[in-house]
Amino acid sequence: MPGQIRRRTRQARRTPRRWWLGLALAGVLAPSAGAQNVSAPVILQWFESSWGTMERRAADLHAAGYGGLWTPPPGRALYTAAGGGIGYDIYDRFDLGSPRDTTLYGTELGYRRVVSEAQRIGGNVYVDYVHHHVGSFDLFPGNSPGPYVQDRYDYPGFKLSLPGLEDGDTYKSPPAAVQGDPAFEYQFRLARLLTLNFTAGNTQQFVRNPVPGFAANVPQAASAWGVPTATTDASGRAVASTILRQANTPSAANRRFYPDSSGTGRTIVDGGVTYTVHDFNPADPTAGDPVAENVAGTMMRYAQWLVQDIGVDGLRVDAARHVPLGAAGDPFNPTQVDVPRLIDRAVAGAASRTNLDGTSRSVFQFQEVFNGDPNFLQGFVRKSAAAGDTTAPNRDVLDFPMWFAMRSHLSADAGSNNWYSIRNASQDARDDGLANNGSQSIGFVVNHDEGGVHLSNVAHAWILTRPGNAYVYFRGNDFDRTGNSQFFLKDGRGDALGGQYGSIITRLVEIRNAYGRGDFQERYIDGGGVSGFSNVYAYERQGSMMVGLSSDTSGQGVTSFDQRTMGSAFASGTRLVELTGNAADPEVDPLGQIPELVTVGSGGQVTLRIPRNQNINGLSHGRGYVMYGLPRPTGTLGISGVSGTIAGETPTPATNSRARLSAIDVVTADQFTLSLATQKVVLSDGFHDSFADGASAVFRFNDGMDMNGNGAVDFASSASSNATRYGFEAFTTVNDPGYDANPAFSGAGSFAQTIDATRLDEGYHYVTVRAFRHRGAGESEVFTDFRRTIYVDRLAPESSLAGFETVAGAADARDLLVRSDDLTAHTVHVLWNLPYGLDETAVLAQVSAADAAEQIDRDLFSFQAADVMSGNLVATVITTEITGNRSVRRIPGLLAATSIGRGFGDLNFDNLFSPGDIDQFESVFLSANMQFNPAADLSGDGLVTVADLTLLGPALTAAGADAATMAAYDELYIAYVPEPALAAAGAAALAALLVRGPRRRRSSAKPPRASRAGRPGFGGA
Ligand SMILES: [Ca+2]
Ligand SMILES: [Ca+2]
Ligand SMILES: [Ca+2]
Ligand SMILES: [Ca+2]
């Protein structure tokens, strides 16, 4: 029961705030008075990895503590050497890839699984949303290997130009007079990209995902041709696809890209005007209703589709400034089309997820506006709407002003690195005058377009310990780009998920999660704080931790640190422990002069020794920062009843993208126990910090489930006051916190919960146990997270037949498609025409690598058999989970008519009917299903019985078998089918028949048994 946790009523601590007294500005937002500054969970910008890698590494995303994922644009994009096909040179934004026609990253289902898995760990997914342009530099004379389109309708959805001819949905190339003029943000082709024209000047209205029967369909491309869209080849190289595409071919399947006008919908009031927005209908995609649209309508529908159907939580808006922004008096946009506002309307109320308390979630947008002018950027921020409007916008911008400041002042030159130029540089200041209260903007250090900041670690330490939003950029290097020297994508932080390149970033992410509360309070800067020059900077997350940062790149032969004393809000005598590991690291502190524990002095005085970025021996380590925080619970998470562990992988430079670092516990029982044992916290000076023994602990499965069985998620409120417990459950089996108000009785704690594993579906689940420090007077909430990923494997994997299809250009080949219904298939193997009587052990003994099916989608496996004989084939499908748990499923009745064999009755596949076929039939028939032959299974049940014998005669007659064959058949029939005919005989009748024995034993050469060696001519294609 939740009541078992001792919950204290705490006094609200309201921090006096400085109210900005600057110019009054339209749209200025007040900070929510009284609310603490919070460092929201970090977003990971994860590029250059396949969807498969990203889904598989969700355990690492969870372990590192990220709360968001920013993915590349998922639509089908052009491949160019410079652009690399990563998604920005977009070809068809609604085509997210399909089996055997993947994008660089995979398929639509693969992307959906990335979204759902990142959400399952409790995170939000932000898709890179490209609306400004399509394609690449088609009109550029001499572009290579262009042109990318041959026809004005070659781009799905749009009427574009022919090479050298501007027309349709795009702008003209800029005249020489305005090239490079920043006044022209969208009115021409930006950087010669095919910039789409959203203004009223573009009057073209089309059904842009054409469906048969609609007069307004965008005209179809004249022919199919190999548009060079990005994909990967068999060896993992990023390449251009050679698949032929004919754009804008009407298809009924395109209905799914439209909302259902007779289904549910929402009423949105925007600017006082009421709009009805129909919802997508994922339950019945055929119910979508195509409508003719202009470019803006298409982009609104695309945004809504991404949010409502694909299910992302928000958009990272690419090139946000280069679209019409609704400015008055713009001759290029006389009707004041305001594209950001149209997107606000499109996604308003469209979130596909709700909070655990049933409240709706707003769709967060953050915009790329590459500009360092806070006044200019502020025009893109929109977090409120006029009274009466219901768009509830939640639109923000990337913190480019801060990035520019860090690039200049966290450089290699200590003499130019001045914290005065950084401390208030954030766009965060522009709404409320408070530069570091997290009221707006998304901080970042490395950016895929421009690269990073020299003192990257210090910059991350700063960005990740400030309030507000932040992202970390990870470039996965999953794709082989050997030999491509033009690729634009900058490198990110290879340690963003830990692994080969260390744990600097993951440690900062962890500190942010555990200590990132409490108002930002500047505590020290050289020069007195008004103006001057300082290489050192220190601040407090009030009541949580002290942070000291250095931008000094020197140190050799001088000292490895700078010592400064400053005030704090901590009570005298409070112990603070160093969190980053830098104080304990001999590279950062070779002489052991930087303490790992500091004690707050009288009046809250704290003395920090802040390491420089080079040590006294001249080693530039770039770790010029320390963080001293309140001690917090330590302990051990346990899961009992684990049947095994999937080992974590050890990365190498080549596998740092793909290697899953996290070990994963496998649960096969119906019940297991989650436990946390906390220890008595005795600090290095011998002080028993009883508060750190831990006042409470809670646990969470995935993004919040009722796992203590009391019928509800215990902490379901989406209020900010519940943010550190949202989705968590109280321990109810054992709940014995270590903390006691009398330190003599304070010590170790114990928590346990019996978990009903049947509440968890098969596959991965992400567990977090959070243990809170007892909150002393003036302290912020501080906790320790213990994270684990488990794999529930109570049931054998479920697979089913998804198709048995012909293969283009190979008349005798067939493609067997197997669907992993529960999505747990790790491998699928296929054996052909095994007899029914073979037991499972014998089947599994036959499986070899040659029988492996190819995974062609997240849930789909293909086995292409090259030489398929005529008859009813049987496939035995062996599905194996990553745990080794297997299922064997026999799929009979796979009917094929090929050039191999005449059909039923031609058991030796010589394309003739002869008495020899009848001999073979008898042999199979008498084997009691220890033999199988597809030409003998007329009934298609995978058995060869008297039913098949009965059906064989008419089949032979119909096929024109000769007299000798018919005579042999008649003889067999009379031998085994007494009058009256046993056409309907069941197994019992057949058994009785076999016990009685044949009336006359025919002599025959037995066909080979259906063993591996004897399988009729099949090979993987
Ligand atoms: Ca602010
Ligand atoms: Ca519960
Ligand atoms: Ca399973
Ligand atoms: Ca049969």
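Counting starts at 1 for both ligands and their atoms, in listed order.
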query: How about G711: does one of its N, O or S atoms come closer than 3.0 Å to the Ca ion (ligand 2)?
result: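 Looking at G711, which is the residue asked about, there is no N, O or S atom under 3.0 Å from the Ca ion (ligand 2).
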message: Taking backbone and side chain together, does M707 place any N/O/S atom at a distance below 3.0 Å from the Ca ion (ligand 2)?
response: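 So M707 does not count as coordinating the Ca ion (ligand 2).
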Heteroatom test (N, O or S) for S439 near the Ca ion (ligand 1), limit 3.0 Å: yes
query: Got a sec: is N437 within less than 3.0 Å of the Ca ion (ligand 1) via an N/O/S atom?
result: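 An N, O or S atom of N437 is closer than 3.0 Å to the Ca ion (ligand 1), so yes.
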field: Any donor-acceptor N or O pair under 3.5 Å, side chains D432, S439
entry: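 On atom types as modelled, these side chains qualify, holding a pair under 3.5 Å.
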- request: Could you verify whether a donor N or O on one side chain and an acceptor N or O on the other, from D785 and T768, lie under 3.5 Å apart?
  value: no
field: Residue pair V767 / R787, side-chain heavy-atom distance below 4.5 Å
entry: no
Check this for me, if you would: do [X] and [Y] make a salt bridge, where the nitrogen-to-carboxylate-oxygen distance has to be below 4.0 angstrom?
| X | Y | result |
| --- | --- | --- |
| R700 | E729 | no |
| E781 | R770 | no |
| D428 | R466 | yes |
| D714 | R725 | no |
| R902 | D917 | no |

- prompt: For the Ca ion (ligand 2), which N, O or S atom of D714 is at the shortest distance?
  reply: OD1
- prompt: Considering only N, O or S atoms, which atom of E729 is nearest to the Ca ion (ligand 2)?
  reply: OE1
message: Test of geometry: compute the angle OG(S939)-the Ca ion (ligand 4)-O(L943) and round it to 10°.
response: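 An angle of 160° at the metal.
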task: Compute the angle centred on the Ca ion (ligand 4) spanning OD1 of D948 and OD1 of D937, and express it rounded to 10 degrees.
output: 90°
- prompt: Roughly, to 10 degrees, what angle do D706 atom OD1 and N708 atom OD1 form around the Ca ion (ligand 2)?
  reply: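 My answer is 80°, to the nearest 10°.
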statement: Note: O(L434)-the Ca ion (ligand 1)-OD1(D432) angle, rounded to 10 degrees, equals 90°
query: What's the atom name of the N, O or S in D941 nearest to the Ca ion (ligand 4)?
result: OD1
